[in-house]
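Please read the structure below before turning to the comments.
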Number of protein chains: 2
Amino acid sequence: MVTIKDISKKCGYSSATVSKALNGGADINQKTVEHILNVAKGMGYFPNAVARALKTNRTYNLGVLFVDKTFSGLAHEYFSSVLNSFKVEAERLGYDITFISRNINRVGMSYLDHCHYRGCDGVVIASIDFSDPDVVELVQSNIPIVTIDHVFNECTSILSDNVQSVKDLVTHVYNKGHRKIAFIHGEDTSVTRKRLGSFHRTCSNLGIDVQSEYLRAAIYHDPKSSGLATRELLALKNRPSCILYPDDFSILGGITEIERAGLSIPEDISIVGYDGIHLSQVLRPRLTTLRQDTEILGREAAAQLVDAIENPKSYIPQQIVVPGTVIAGETVKQLILAGNTHIFPIYASIFKEDINEKSISYCVGSAFAGHFRRIRAGRD
Amino acid sequence: MVTIKDISKKCGYSSATVSKALNGGADINQKTVEHILNVAKGMGYFPNAVARALKTNRTYNLGVLFVDKTFSGLAHEYFSSVLNSFKVEAERLGYDITFISRNINRVGMSYLDHCHYRGCDGVVIASIDFSDPDVVELVQSNIPIVTIDHVFNECTSILSDNVQSVKDLVTHVYNKGHRKIAFIHGEDTSVTRKRLGSFHRTCSNLGIDVQSEYLRAAIYHDPKSSGLATRELLALKNRPSCILYPDDFSILGGITEIERAGLSIPEDISIVGYDGIHLSQVLRPRLTTLRQDTEILGREAAAQLVDAIENPKSYIPQQIVVPGTVIAGETVKQLILAGNTHIFPIYASIFKEDINEKSISYCVGSAFAGHFRRIRAGRD
DNA sequence: TATCGTTTCTAAATCGTTTTCTGAAAAATA
DNA sequence: TATTTTTCAGAAAACGATTTAGAAACGATA
């Protein structure tokens with residue numbers, strides 16, 4: 001590998017001068033710069049990130065902490081899409097990414113240890129379990145952090161707009177004439193609480209009385225568990241006309257159960273997904289779902305993180321809410337109602353350019369803590 | 001951050017001694033080691049990977065080069081599963097992983113440049129396009145390389161056993177009584193050629209005359225293109241009784257077309273996938289497919305790469321072939337035939353422990369170059 | 001000519017480790 | 001006791017870059 005010293009020898013300038021030439025330093029003659037740059041190019045010079053990092057204490061490495069309950073974070077399409085977009089933007093800005101974990105070399109290392117060990121300039125966190133002490137430790141360190149789909153008030157968060165999205169979905173379903181809307185929601189996370197809250201509020205605003213038997217807990221990304229919930233819903237005396245699922249993948253379990261019950265979609269029952277993953281766009285009938293904008297979520301997370309890293313003085317942590325889009329497929333039947341045919345407008349998708357101007361923070365609250373406690377206790 | 005120097009000051013030993021104590025150096029008193037270790041622990045010392053890397057020229061970082069035609073490698077479940085398993089094993093062995101790309105900081109950087117820049121100890125490559133000059137440059141460098149699903153004779157490759165797997169699939173279908181077997185294959189890659197070759201040979205061995213109209217080219221992971229191919233196959237005068245698809249995801253396009261044609265699966269036509277991704281296990285009827293063992297592929301890739309890095313003298317590059325497993329679902333109908341009901345045995349899945357002992361190299365050859373040329377020229 | 005101000009460059013220190021070489025002290029041997 | 005060997009610890013030099021303080025060169029000015 002050719003080093004600065006090699007260039008220095010070859011062209012007669014000191015290594016200090018060469019370094020400055022390479023980095024666009026101020027006090028150096030333009031001609032010298034050109035000469036050195038030429039020589040460097042001719043010799044095939046490439047900087048050594050490791051040496052640079054040691055001196056400058058900047059690695060241009062971003063840590064990525066994706067923790068999934070099944071530890072297969074990468075196989076989860078929503079996460080992997082966000083990650084992919086994060087990666088693309090990070091690379092565009094000159095950063096590489098490194099996965100943060102606790103398993104390095106078998107020794108007990110906290111996430112923070114790992115970040116220090118690798119010298120990450122910043123970390124993006126997307127985790128199921130934000131209450132993990134190791135995650136908290138990391139968040140409270142002085143490493144710049146951006147979280148996805150979770151709010152810590154010390155750091156920037158990028159949030160998929162679950163509140164508005166569920167509102168849009170419910171409104172969409174309502175406009176199709178549905179009044180008996182069931183909601184199979186995921187396990188207790190801040191995201192789930194937001195969706196549930198929005199579900200209740202929207203129904204309430206639309207004049208729908210939410211029956212508690214229409215609310216079922218399942219596990220995200222687990223078709224079996226939503227299949228089970230579906231079966232329970234289908235067995236109700238007063239069966240819902242439409243079921244909202246925790247995510248697109250889970251819906252496969254629902255479809256199976258519905259077909260097993262001899263019902264057809266959407267003739268006998270309507271279904272709605274969430275996420276808008278690739279799968280949802282190839283199922284037939286096309287799934288009505290909510291597309292989360294993983295592209296923007298990832299890109300914005302990277303952009304914010306780099307901003308925080310490069311402008312530590314002036315950077316202001318913020319909550320960035322990224323809108324989703326209702327994808328009207330073919331799985332929600334248009335019902336014909338007697339009266340009350342008012343169509344409620346649904347959220348106009350915000351233009352991508354606008355999202356930087358939004359800095360909204362929702363109160364997650366614990367309105368649904370009781371609900372989840374009841375579920376855990378099996379009393380719901 | 002507490003450094004070796006800090007420890008050195010605190011306990012009175014020189015930094016050389018501290019370093020040796022920390023790394024289990026030879027010429028040092030056991031008591032001293034213990035004392036230093038205690039102090040280090042007490043101070044919350046963690047080594048600095050950057051400094052260490054600068055001195056030792058070992059970063060304990062593995063490069064990952066996953067290039068997809070759509071540049072969304074991570075969203076591809078097969079790749080992301082392999083990667084996840086690779087990551088887990090790499091971390092267990094004390095290595096972190098870094099994505100290699102060409103887009104760092106907008107400057108034109110080759111893959112090799114990027115590896116040198118980051119000082120990767122080794123690189124794993126899974127790419128659609130192994131003929132990319134940048135990929136070739138990387139492979140021919142002196143960085144240890146492991147490739148997945150492609151053979152370069154200089155370096156170790158981990159190969160999903162496409163030849164045996166297709167043989168097993170075809171045999172499985174044959175045993176179910178099918179003789180009119182169509183094969184929708186992916187675009188021209190070494191993997192595709194292996195599968196095609198195995199398809200031909202197996203059919204030939206089973207006494208099936210492969211009709212060229214039963215072979216259709218599509219694009220991997222693209223339901224639209226396999227949907228199109230399906231439509232063509234269904235329109236044939238002599239319709240196949242069973243269709244093999246390039247992958248599980250593509251099959252969604254096939255299902256759509258089959259249903260559109262008013263046919264049902266498997267009553268009217270049988271279908272077979274490939275990959276055994278999560279999706280295939282939740283579709284109903286359950287998909288008959290071939291599960292590629294991404295777990296072993298990834299793990300073995302990491303293990304081999306680390307072996308190559310840590311034992312540069314003694315390491316011998318090899319081809320490791322990882323068997324797949326036929327997953328008999330419900331999408332292949334049992335046909336009742338007049339005579340000829342001999343059941344051929346299918347490959348017994350090799351135990352996981354055995355794979356290290358296999359070091360088989362297939363001759364990929366270019367037997368199908370002509371076939372693909374014809375496809376590209378639209379004359380097939 | 002002496003002084004000052006620019007511009008352009010360099011020497012040297014530094015980042016946190018590892019590693020080689022050296023030598024003192026302790027232990028073993030004669 | 002004298003000599004050799006072994007054990008243990010430290011000094012110092014790297015690794016490849018960046019950065020600071022200051023030197024040299026050169027005009028311009030008084």
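Every chain is numbered from 1 and lettered A, B, ... according to where its sequence line falls, protein lines coming before strand lines.
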(message) Is it the case that the side chain of B:Ser8 and the backbone of B:Tyr13 share a donor-acceptor pair, with hydrogens and angles ignored and the cut-off at 3.5 Å?
(response) yes
(request) Look at all strands and tell whether A:Asn48 reaches a base, only sugar-phosphate, or nothing, counting heavy atoms closer than 4.0 Å. (result) sugar-phosphate
(request) Inspect the surroundings of CG in B:Asn57 and state if more than 12 heavy atoms from other residues, nucleotides or ligands are less than 6.0 Å away. (result) no
(request) Name the residue closer to the 5' end of DNA chain D, choosing between A:Met1 and B:Gln30 according to the nucleotide with the nearest heavy atom. (result) B:Gln30
(message) Applying a 4.0 Å non-hydrogen cut-off, can you work out what A:Gly12 is touching in the nucleic acid: base, sugar-phosphate, or nothing?
(response) sugar-phosphate
(request) Using a heavy-atom cut-off of under 4.0 Å over every strand shown, decide if B:Thr3 touches base, sugar-phosphate, or nothing. (result) sugar-phosphate
(message) What's B:Thr56 touching, base or sugar-phosphate or nothing? Going by heavy atoms closer than 4.0 Å.
(response) sugar-phosphate
(request) Only one of A:Thr98, A:Asp96, A:Asp121 passes side chain to side chain donor-acceptor pair (under 3.5 Å) with A:Asn61; say which it is. (result) A:Thr98
(message) Counting distance alone, no hydrogens or angles: does the base of D:dG10 have a donor or acceptor under 3.5 Å from a partner atom on the side chain of B:Lys20?
(response) yes
(request) Kindly give the heavy-atom pair with the smallest separation between B:Met43 and B:Lys10, and that separation in Å. (result) SD-CD, 3.7 Å
(message) Go nucleotide by nucleotide along DNA chain C from the 5' end; which of A:Tyr13 and B:Pro47 gets its closest nucleotide reached first?
(response) A:Tyr13
(request) Answer with base, sugar-phosphate or nothing: what part of the nucleic acid does A:Asn57 contact at a heavy-atom distance below 4.0 Å? (result) nothing
